[in-house]
Amino acid sequence: KDEKPAKPGFFGRLMGRKDTKVVTRRVLDDDMLEQLEELLISADMGVDTALRVTANMAEGRFGTKLSTHEIKELMSTEVTRIMESVAKPMPLYPRKPQVVLVVGVNGSGKTTTIGKLASQFKAAGKSVVIAAGDTFRAAAVEQLQVWGDRAGVPVLTAPEGSDPASLAFDAMVKAETDGADLLLIDTAGRLQNRADLMEELSKIVRVIRKKDETAPHNTLLVLDATTGQNALGQVETFQKLADVSGLVMTKLDGTAKGGVLVALADKFGLPIHAIGVGEQIDDLAPFDPEDFAKALTG
Ligand code: GDP
């Protein structure tokens, strides 16, 4: 990736020069900390998390002289430390089918992510069924069918406007009959009417629990990383609507502002199961804290 979150020449300016390759050292003082905070905030880390990161960087080092390399290392170490606690693949259970409810606002990448997940699980030898639970968006259902075909996974659909909970129930029956390992359920992402959406999601949960009282086993919230700080509000909202168990962060290929992942980790501590790095079926990767920290700090 050639995109760097840091503004070009940031570290050069920080050190008072253009050429960062020349090794000079600068005292870690309030002025430097302020500039570092600004850098992190401009990468969408949010004020609270940026302050915590810089405070940790300064601990025991205030007033000492640091090189650009050392500053980057310190920053990268801090970010890695925060992110290591949330980098966890989606847990798999011996349950058949394991029911994965996928939630998130429209446009976040839910459909695409479900297609990618189906393909990955299939490649890992799992049998998968998809339920196109956003029955109000004909386009979403069609898209999901396209993804299902690509992944070679059956997609259960229902007529436009029909009850997503009854589709979810039918999908449970089909997944059970087929002996499927995983059932991925897409859901609506219309936040305009939260009460409706909450009712819809809780009805899906109620109905699938008639078949398996332990379901859903995972509730994945899909978040678009390019929405920056909005992602924080979406977590808060969806935690009220559903029992979110983990995150998938999409569109990390298209943003220089991945700092919001650090803010999310710092604030909610929800596991990040995977990241979307493109629009193709294979563009879903495990979240690697060290790679992420290096990309973020430049
Ligand atoms: P949904 O409305 O939440 O189901 O969102 P979609 O799955 O339809 O995705 C919305 C748009 O985002 C589509 O154009 C996708 O191709 C695109 N998209 C989804 N995930 C990624 C990703 O990881 N990277 C990029 N660059 N685009 C993505």
Side-chain angles (χ1 to χ4, degrees), residues 1-5 44 87 89-90 100-121 128 130-151 153 155-158 160 164 167-168 171 183-194 196-197 200-201 204 218-228 230-231 233-235 237-238 241-242 244 246-261 264 272-288 291-292 295-296:
K1 301 273 145 64
D2 2 278
E3 284 197 66
K4 293 243 165 66
D44 257 340
M90 190 184 93
V100 183
L101 200 62
V102 184
V103 301
V105 300
N106 293 341
S108 60
K110 271 199 315 278
T111 311
T112 309
T113 299
I114 290 172
K116 291 171 177 176
L117 282 171
S119 168
Q120 276 195 357
F121 285 128
V128 183
I130 294 173
D134 188 357
T135 58
F136 287 86
R137 281 198 307 165
V141 174
E142 275 166 36
Q143 260 315 102
L144 208 47
Q145 270 171 321
V146 171
W147 279 107
D149 288 344
R150 277 183 200 144
V153 162
V155 179
L156 241 74
T157 62
E160 196 175 340
L167 173 72
L183 169 61
L184 309 178
I185 304 178
D186 189 18
T187 62
R190 308 176 306 277
L191 277 187
Q192 294 82 348
N193 191 332
R194 285 172 205 209
D196 278 359
L197 189 56
E200 189 169 318
L201 291 173
I204 292 175
N218 315 82
T219 300
L220 303 187
L221 172 58
V222 177
L223 293 173
D224 176 345
T226 66
T227 62
N230 284 336
Q234 287 177 22
V235 174
T237 300
F238 274 94
L241 300 177
V244 177
L247 306 176
V248 176
M249 300 301 303
T250 65
K251 310 186 199 181
L252 268 171
D253 51 310
T255 182
K257 296 196 158 198
V260 70
L261 272 71
L264 285 166
I272 299 175
H273 295 319
I275 55 170
V277 291
E279 298 186 80
Q280 304 303 312
I281 199 155
D282 292 327
D283 293 332
L284 187 75
F287 177 68
D288 183 317
D291 284 356
F292 170 81
L296 190 74

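The basis for the numbers below is simple: all heavy atoms, side chains too, and nothing from hydrogens, waters or symmetry mates. Atoms within a ligand are numbered from 1 in the order they appear, just like the ligands themselves.
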If we ignore hydrogens and angles and just use 3.5 Å, is the side chain of K251 paired with the main-chain N or O of D224 as donor and acceptor? no

Using a threshold of 4.0 angstrom between heavy atoms of the protein and any atom of ligand 1, which residues qualify? V105, N106, G107, S108, G109, K110, T111, T112, K116, R137, T250, K251, D253, G276, V277, G278, E279

Is the closest basic N to carboxylate O distance between E200 and R190 below 4.0 Å? yes

Give the intermediate values and the outcome of side-chain contact (heavy atoms from CB on, under 4.5 Å) for residues D134 and V141. CA-CA 7 Å; D134 188 357; V141 174; 5.7 Å; no

List the steps, then state whether side-chain contact (heavy atoms from CB on, under 4.5 Å) holds for L252 with L261. CA-CA 10 Å; L252 268 171; L261 272 71; 3.8 Å; yes

Stepwise, does the side-chain contact (heavy atoms from CB on, under 4.5 Å) test hold for L101 with L220? CA-CA 6 Å; L101 200 62; L220 303 187; over 6 Å; no

Which pairs would a plain distance check flag for residues 276-284, meaning a side-chain donor or acceptor within less than 3.5 Å of a matching protein atom at least two apart in sequence or in another chain?
residue	atom	partner	partner atom	Å
D283	OD2	E279	N	3.3
D283	OD2	Q280	N	2.8

